[in-house]
Amino acid sequence: MVQSKACLLLLGVAGVQASILQDDSYFYGQSPPVYPTPNMTGAGEWGYALSKAQDLVAHMSLEEKVSITAGVTDDTSGCGGNIPAINRLGFPGMCLQDGPNGIKGAELVNGYPSGIHIGSSWNKSLAYYQAHAIGGEFRRKGVTLALGPPVLGPLGRIALGGRNWEGYGKDPYLSGILGSEAVRGVQDNGVIACAKHFVGNEQELHRNPRPDPVTNKTVETSSSNMDDRTMHELYMWPFADAVHAGVASVMCAYQRLNNSYSCHNSKLLNGLLKTELNFQGFVLSDWFAQHTGIASAMAGLDMVMPDGDLYWGANLTNAVRNGSIPVSQINNMATRIMAAWYLSGQDNQNLPPVGIGITADYKKPHPVIDARDPGDEALLLEGAIQGHVLVKNVGNALPLSKPRILLIYGYDARVANTNLAMAGVNGWTQGLEAHDYKSVICGFGPTGGHCPPFAPIAAKGTLIGGGGSAAITPTYISSPFQALEARARRDRTQLFWDLEGSQVTNVEAEACLVFVNTASSEGVDRPALRDDYTDGLILDIASQCNNTVVVIHNAGVRLVDQWIDHPNVTAVIFAHLPGQDSGESITQILYGDVSPSGKLPYTVPHNESDYGALLNPVTYTDWDRYFPQDNFTEGVFIDYRAFDRNGIVPRFEFGFGMTYTTFKYSNLSVRHTVDLSELPEYPTGPMIPGGNADLWNTIAVATADITNTGRMEAAEIAQLYIQIPIEGQPLLQLRGFDKVTIPPGERRTVEFNIRRRDISIWDVASQNWKLILGAQYPIFVGASSRNIILNGTLEL
């Protein structure tokens, strides 16, 4: 790995410097009103769906229109949310169900790799096909809307954020590209996708209002206060990709945005989402995230979950009749919902009955529908394999080669003692023993909380996913110990193990394998980036075994400095959250059946202090005790952008990952695909889903050659970074990646399409995306954000 100090110095002087108005304080800390809600235009592929929806809504009574905007309680359904049927019009209602990694709380379904695992794969095709397979299972279970994928927020601003593992990583470009593929995958299989959480949902602490235990006054949720440029260039960026891909629903967040609740923030919903991004679908509230009635309806909220009667229902009907809300607004809401229904083909008469395969009561007989497709078995294993990231491999400690004796250690090697919680008895956790957060300590659950430092952060069993609404319910779990035991039988290997401690036998073993984890869950932020027990366990084993291989199933960033430089720690793998084929996938990697190919979608620091203020969730001070304020004063500088700006050397940089071979990069070429003389400073094209059509045009293509110079076939992830030559921009920004599998001695060409938006900046003064015409944009291609190998220039 090259710590490219020279490259960073080069970046600091390359290109031309310009300036632009950065004072957008009018937006920071407050949210200006934007009314009215725009009507659908039928842009993109929405024309047919809009026409069908308008016709159906025209035949609905006012009460029927209102009914499809509000969730109802249905004791016969196990769906996470229900919209009632309108039988006289042939509308069967809607079933909404978690989650992004597979169907929550149902039997005979698969448990897929989590978002962070797919992000670590950097594989666009994998993101699509996994989402397509998940969509198929939802459809076969009678689910209308899958609550993800994609999870595009949190983006990972807070290092200890409890839901960071649900997203694809800490870069907006990576999240947007993979998220758009997931949208297409789900909706191509006849299910409505939901992009969430829009926007600024970066911590679990203070995510819902709650009473002050001393005064009993209400403490509101934290307010994510960000400026206009930060909103556009960072947090809204991946949502624009999802809207451009045709996502049919967007979920508004729990937090307030600039001191207005996200689900009744008119600037956010009417202005940014439905006008600027020309979003054609409907806005869905997070569960219990609605805090007002008329205001939320007028601000752009279209559907409330899980119970709409608190603010809407009959109240909304009365508001129309007394003139508080125009009926046109109700028509707008109902039309958006029904257009999404038609767009995803829900009017197909051959679909299973709504919610037929989901049940709320496991004590009563119910239809048992096997939603799994045997054709997805290879996809599950491949997805599990590709998200593993090898970060250390000294002296070719890996791969193993038919070892005579192996020692296995660590609480993560086995399956937890029970999976009843995963089946729905307590859906907030991954397992009664598989999740060690305590509700009484951490405030676990919908209200949100934060664990004190002494709370445990490891799971008692192999960690295949995180906890909360994205917890998964697989039919089986392949644990590392089970898979290694099967391999040992085949290879006639002697196994010794101590999964509860660190007793090292005196036999001469080829390697000691240590399996540990770092758990995380919705509803509570992580207490730390490491834990003493796990670090002590690793050091204890390494002190007795000269070939110690550490495998971490991590639901987020995990510090390793306490032990990674120990001379006996020879190999380390961040195994992330691989889903049900966890054990088989890590076994194939350890034995070299396949080379690891994942790369980090986040930066691993040396110390917690490297994050500065972005380590811990925001709390409140005396003056804002009841209105917690979270000021995004760092702007666009999170993760590797912040490390670059502050001159901090990471332990492992964003984009880093090793394989069992070596690669050579060569022949970078950059060519324009448009006539530069006709390229305007601001986009001039029509509005389409995702924004101005010009933004999505490819204006240049970069290519490079990669040669496998080693002895084993492996996949390499080439990354393209651009420096936008204007003051205040990050030193580097990811703007392309391509994953290619290359046999030994062969060469492949990688290609990066550079869109207009990829080299634009948000011009606060004109409220538009702007190119720096006449400038030279430095372009860099490499194996990570700090291993830059090739460089070139894009001239405008």
Side-chain angles (χ1 to χ4, degrees), residues 31 33-35 37-38 69-71 80-81 83 96 98-100 145-155 163 166-167 179 183 192-204 206-209 220-226 231 235-236 238-240 242-243 247-277 279-308 310-312 316 329 332-333 336-337 340 446 448 469 522 630:
S31 221
V34 177
Y35 297 102
T37 303
T69 70
I83 293 296
L96 290 69
D98 290 313
L145 186 151
L147 295 166
V151 175
L152 304 176
L155 191 59
R163 301 187 77 171
E166 294 186 38
V183 165
I192 296 172
C194 181
K196 59 183 187 178
H197 310 85
F198 193 63
V199 66
N201 193 123
E202 295 297 320
Q203 65 178 54
E204 294 301 277
H206 304 316
R207 77 175 191 163
N208 269 333
E220 304 295 339
T221 71
S222 62
S223 178
S224 298
N225 301 326
M226 70 178 76
M231 169 64 77
Y235 295 102
M236 199 168 80
F239 286 94
V243 172
V247 70
S249 71
V250 170
M251 180 184 288
C252 51
Y254 281 123
Q255 279 80 3
R256 291 177 294 148
L257 175 72
N258 294 335
N259 286 291
S260 175
Y261 272 100
S262 295
C263 290
H264 65 249
N265 188 311
S266 64
K267 170 67 176 179
L268 180 66
L269 304 182
N270 286 343
L272 298 180
L273 181 61
K274 292 184 175 179
T275 298
E276 187 178 313
L277 295 186
F279 173 56
Q280 300 289 298
F282 68 92
V283 175
L284 163 72
S285 77
D286 207 338
W287 267 230
F288 304 103
Q290 184 194 35
H291 301 291
T292 184
I294 293 175
S296 60
M298 297 301 294
L301 181 62
D302 300 301
M303 180 185 288
V304 176
M305 283 290 157
D307 184 359
L310 180 61
Y311 293 106
W312 284 3
L316 195 58
Q329 186 72 5
N332 185 319
M333 297 158 64
R336 286 176 174 273
I337 293 168
S469 57
E522 177 186 0
D630 187 3

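These figures come from a predicted structure and were not determined experimentally.
- Leu316 CG to Tyr311 OH: the interatomic distance, rounded to the nearest 0.5 Å, is 14.0 Å.
- Taking 4.5 Å as the limit, some side-chain heavy atom of Leu268 sits within range of a side-chain heavy atom of Met231.
- Using a 4.5 Å cut-off on side-chain heavy atoms (C-beta onward), Glu166 and Glu522 make contact.
- Here the shortest heavy-atom pairing between Ser262 and Cys252 reads O-CB, 4.0 Å.
- Listed by chain and residue number, Lys274 satisfy the side-chain hydrogen bond (donor to acceptor under 3.5 Å, both in side chains) test with Asp302 (two or more places apart in sequence, or in another chain).
- Asn270 places a side-chain N or O within donor-acceptor distance of the main-chain N or O of Met298, the cut-off being under 3.5 Å.
- Taking OG1 of Thr69 as the start and CG of Leu301 as the end, the distance is 8.5 Å to the nearest 0.5 Å.
- Taking the side chain as every heavy atom from C-beta outward, Met251 and Val151 never approach each other to under 4.5 Å.
- Side chain of Ser223 to backbone of Asn259: a donor-acceptor contact under 3.5 angstrom is found.
- Between the side chains of Ser296 and Gln290, at least one donor N or O lies within less than 3.5 Å of an accepting N or O.
- Shown here for Arg336 and Gly281, the closest heavy-atom pair between the two residues is NH1-O, 2.9 Å.
- To the nearest 0.5 Å, the span separating OG1 on Thr221 from CD on Gln203 amounts to 9.5 Å.
- Shown here for Trp312 and Gly293, the closest heavy-atom pair between the two residues is NE1-O, 3.1 Å.
- Across all their heavy atoms, Ala193 and Pro149 have their closest contact at CB-O, 3.7 Å.
- The CG atom of Leu272 lies 12.0 Å from the CZ atom of Phe239; values are rounded to the nearest 0.5 Å.
- The distance from the CZ atom of Phe198 to the CG atom of Leu257 is 8.5 Å, given to the nearest 0.5 Å.
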- Starting from the C-alpha separation in whole Å, work towards a yes-or-no answer on side-chain contact (heavy atoms from CB on, under 4.5 Å) for Ser260 and Lys267. CA-CA 9 Å; Ser260 175; Lys267 170 67 176 179; over 6 Å; no
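- Applying the salt bridge (charged side-chain N to carboxylate O under 4.0 Å, His left out) test to pairs two or more places apart or on separate chains, none has a residue in residues 280-291.
- Between the Tyr254 side chain and the His206 main chain, no donor and acceptor come within less than 3.5 Å of each other.
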| request: In sequence, state the C-alpha distance, the side-chain angles, and the governing distance for Leu147 and Ser469, and then conclude on side-chain contact (heavy atoms from CB on, under 4.5 Å). | output: CA-CA 9 Å; Leu147 295 166; Ser469 57; over 6 Å; no
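- By the 4.5 Å heavy-atom criterion applied to side chains, Met236 and Glu276 are counted as neighbours.
- Listed here is the closest heavy atom pair of Met305 and Gly71: CE-CA, 3.7 Å.
- Checking Asn332 against Thr37 by side-chain atom types alone, no donor-acceptor pair falls below 3.5 Å.
- Checked by atom type and distance alone, the side chain of Ser266 pairs as donor or acceptor with a backbone atom of Val34 at under 3.5 Å.
- Val247 has its side chain within reach of Phe279: a pair of non-hydrogen atoms, C-beta onward, lies under 4.5 Å apart.
- Under a 3.5 Å cut-off, the side chain of Gln329 and the backbone N or O of Ala297 do form a donor-acceptor pair.
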- [ ] Just do the side-chain contact (heavy atoms from CB on, under 4.5 Å) check on Gln255 and Asp630 with the steps written out, would you?
- [x] CA-CA 10 Å; Gln255 279 80 3; Asp630 187 3; over 6 Å; no
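- If you take NE2 on His197 and CD on Glu202, they are separated by 11.0 Å, rounding to the nearest 0.5 Å.
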- Checking side-chain contact (heavy atoms from CB on, under 4.5 Å) for the pair Glu204/Asn201: CA distance, chi angles, key distance, verdict? CA-CA 8 Å; Glu204 294 301 277; Asn201 193 123; 3.8 Å; yes
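- Side-chain N or O atoms of Ser249 include none that pairs as donor or acceptor with a backbone N or O of Phe282 at under 3.5 Å.
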